[in-house]
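Reviewing the structure listed below.
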Amino acid sequence: QVQLVESGGGLVQAGGSLRLSCTASGRTFSSYAMGWFRQAPGKEREFVAHITWRGTITYYADSVKDRFTISRDNAKNTVYLQMNSLKPEDTAVYYCAARVSSGSGYAKSDTYEYWGQGTQVTVSS
C-alpha cells in the first residue's frame, strides 16, 4: 500500500512557474516508479511525465517536454514536477501516481496502482 499526497498547485499567469510535490507513505518509496498525469475539464486523463525508481531515466509528453522537469528525492519520499513557461492549456488537475518500477506502459494510466487526490493548476492569460 502506498498513499500519495500532492501539493503545490495554484493559480499562475502564463509564462510563470509552479513546482508540484507528491509525498508518499506506507511503503518503500524507492521501490516504485512515479508518474504525473493531468486531466482538463471535458478531456481524458493524459500522461505528463514519468521517472524510474532510481531516478536516472525520465519520460515526458511532447506537450510538456523542455518545459517540465520530473525529479525525485527518495530520502524524502517525494517526487516533484517543476513546471516552467506555463501556458493556459496546461490548466488541469494534476495527479501523481505510483507503479512497480519495471515493465512497459509508463504513459498508460491503467498501469499505475496508486494515485493521489490531485491538485488544481490554473494558468491565466
Side-chain angles (χ1 to χ4, degrees):
Q1 287 291 118
V2 174
Q3 293 79 47
L4 305 174
V5 179
E6 302 99 331
S7 63
L11 175 65
V12 65
Q13 293 184 352
S17 298
L18 284 174
R19 189 193 195 196
L20 305 183
S21 299
C22 175
T23 300
S25 62
R27 285 289 185 272
T28 301
F29 179 71
S30 61
S31 297
Y32 292 88
M34 302 294 296
W36 286 97
F37 292 78
R38 67 187 183 185
Q39 187 167 19
K43 295 186 178 180
E44 297 294 322
R45 182 171 51 187
E46 67 174 344
F47 168 74
V48 176
H50 175 93
I51 187 166
T52 57
W53 65 268
R54 195 161 74 117
T56 57
I57 303 173
T58 57
Y59 302 94
Y60 298 93
D62 289 342
S63 59
V64 306
K65 190 174 180 62
D66 299 323
R67 298 189 298 119
F68 291 9
T69 302
I70 187 171
S71 62
R72 68 190 298 163
D73 185 341
N74 287 345
K76 297 181 178 180
N77 296 330
T78 301
V79 63
Y80 305 95
L81 185 68
Q82 178 66 47
M83 305 185 294
N84 298 325
S85 301
L86 283 162
K87 305 174 181 179
E89 51 262 46
D90 295 318
T91 295
V93 177
Y94 284 70
Y95 300 90
C96 67
R99 56 173 271 180
V100 177
S101 60
S102 62
S104 61
Y106 63 85
K108 299 179 179 179
S109 60
D110 60 4
T111 68
Y112 293 79
E113 186 172 6
Y114 304 104
W115 292 83
Q117 81 289 342
T119 185
Q120 177 70 48
V121 172
T122 303
V123 184
S124 65
S125 299

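Counting begins at 1 with the first residue of the sequence.
- Among pairs with a residue in residues 8-20, those fulfilling side chain to side chain donor-acceptor pair (under 3.5 Å) read Ser17-Asn84, at least two apart in sequence or across chains.
- For the side-chain contact (heavy atoms from CB on, under 4.5 Å) test, residues two or more places apart in sequence or in another chain that qualify with Ser21 are Ser7, Thr78, Tyr80.
- Taking the side chain as every heavy atom from C-beta outward, Val100 and Trp53 never approach each other to under 4.5 Å.
- We find the CD1-CH2 distance between Ile51 and Trp36 to be 11.5 Å, quoted to the nearest 0.5 Å.
- Hydrophobic clustering (side-chain heavy atoms under 4.5 Å, transitive across Ile, Leu, Val, Met, Phe, Trp, Tyr) groups Ile70 together with Val64.
- A distance of 7.0 Å separates OG1 in Thr91 from CD in Gln120, rounded to the nearest 0.5 Å.
- Residues Gly105 and Thr111 come closest through the heavy atom pair O-OG1, 2.9 Å.
- Applying the disulfide (SG to SG under 2.5 Å) test to residues at least two apart or on different chains, the pairs with a partner in residues 79-125 are Cys22-Cys96.
- Cluster note: Val5 groups with no other residue, as no ILVMFWY side-chain heavy atom lies under 4.5 Å from it.
- Residue pairs that meet the salt bridge (Lys or Arg N to Asp or Glu O under 4.0 Å) test with at least one member in residues 108-125, sequence neighbours left out, do not exist here.
- For the side-chain contact (heavy atoms from CB on, under 4.5 Å) test, residues two or more places apart in sequence or in another chain that qualify with Val121 are Leu18, Leu20, Met83, Tyr94, Val123.
- The stretch residues 37-82 participates, sequence neighbours left out, in no disulfide (SG to SG under 2.5 Å) pair at all.
- Using modelled atom types, no side-chain atom of Thr119 and backbone atom of Glu6 make a donor-acceptor pair closer than 3.5 Å.
- Closest of all the heavy-atom pairs between Pro88 and Ser125 is CG-OG, 3.4 Å.
- Taking OG1 of Thr58 as the reference point, atom NZ of Lys65 lies at 7.0 Å (rounded to 0.5 Å).
- When the side-chain contact (heavy atoms from CB on, under 4.5 Å) test is applied to Ala98, the partners found at least two apart in sequence or on another chain are Leu4, Tyr32, Met34, Tyr114.
- For Ser85, the side-chain contact (heavy atoms from CB on, under 4.5 Å) criterion is met by Arg67, not counting sequence neighbours.
- Residue pairs that meet the salt bridge (Lys or Arg N to Asp or Glu O under 4.0 Å) test with at least one member in residues 38-62, sequence neighbours left out, are Arg38-Glu46, Arg38-Asp90.
- Residue Tyr112 is found in a hydrophobic cluster whose other members, listed by chain and number, are Phe37, Phe47, Ile57, Tyr59, Val93, Tyr95, Tyr106, Trp115; membership requires side-chain heavy atoms under 4.5 Å apart, directly or through intermediates.
- For the pair His50 and Ala33, the tightest heavy-atom approach, listed with the atom from each and the gap, is CE1-CB, 3.5 Å.
- Annotation: side-chain hydrogen bond (donor to acceptor under 3.5 Å, both in side chains) contacts of Ser31 (sequence neighbours excluded): none.
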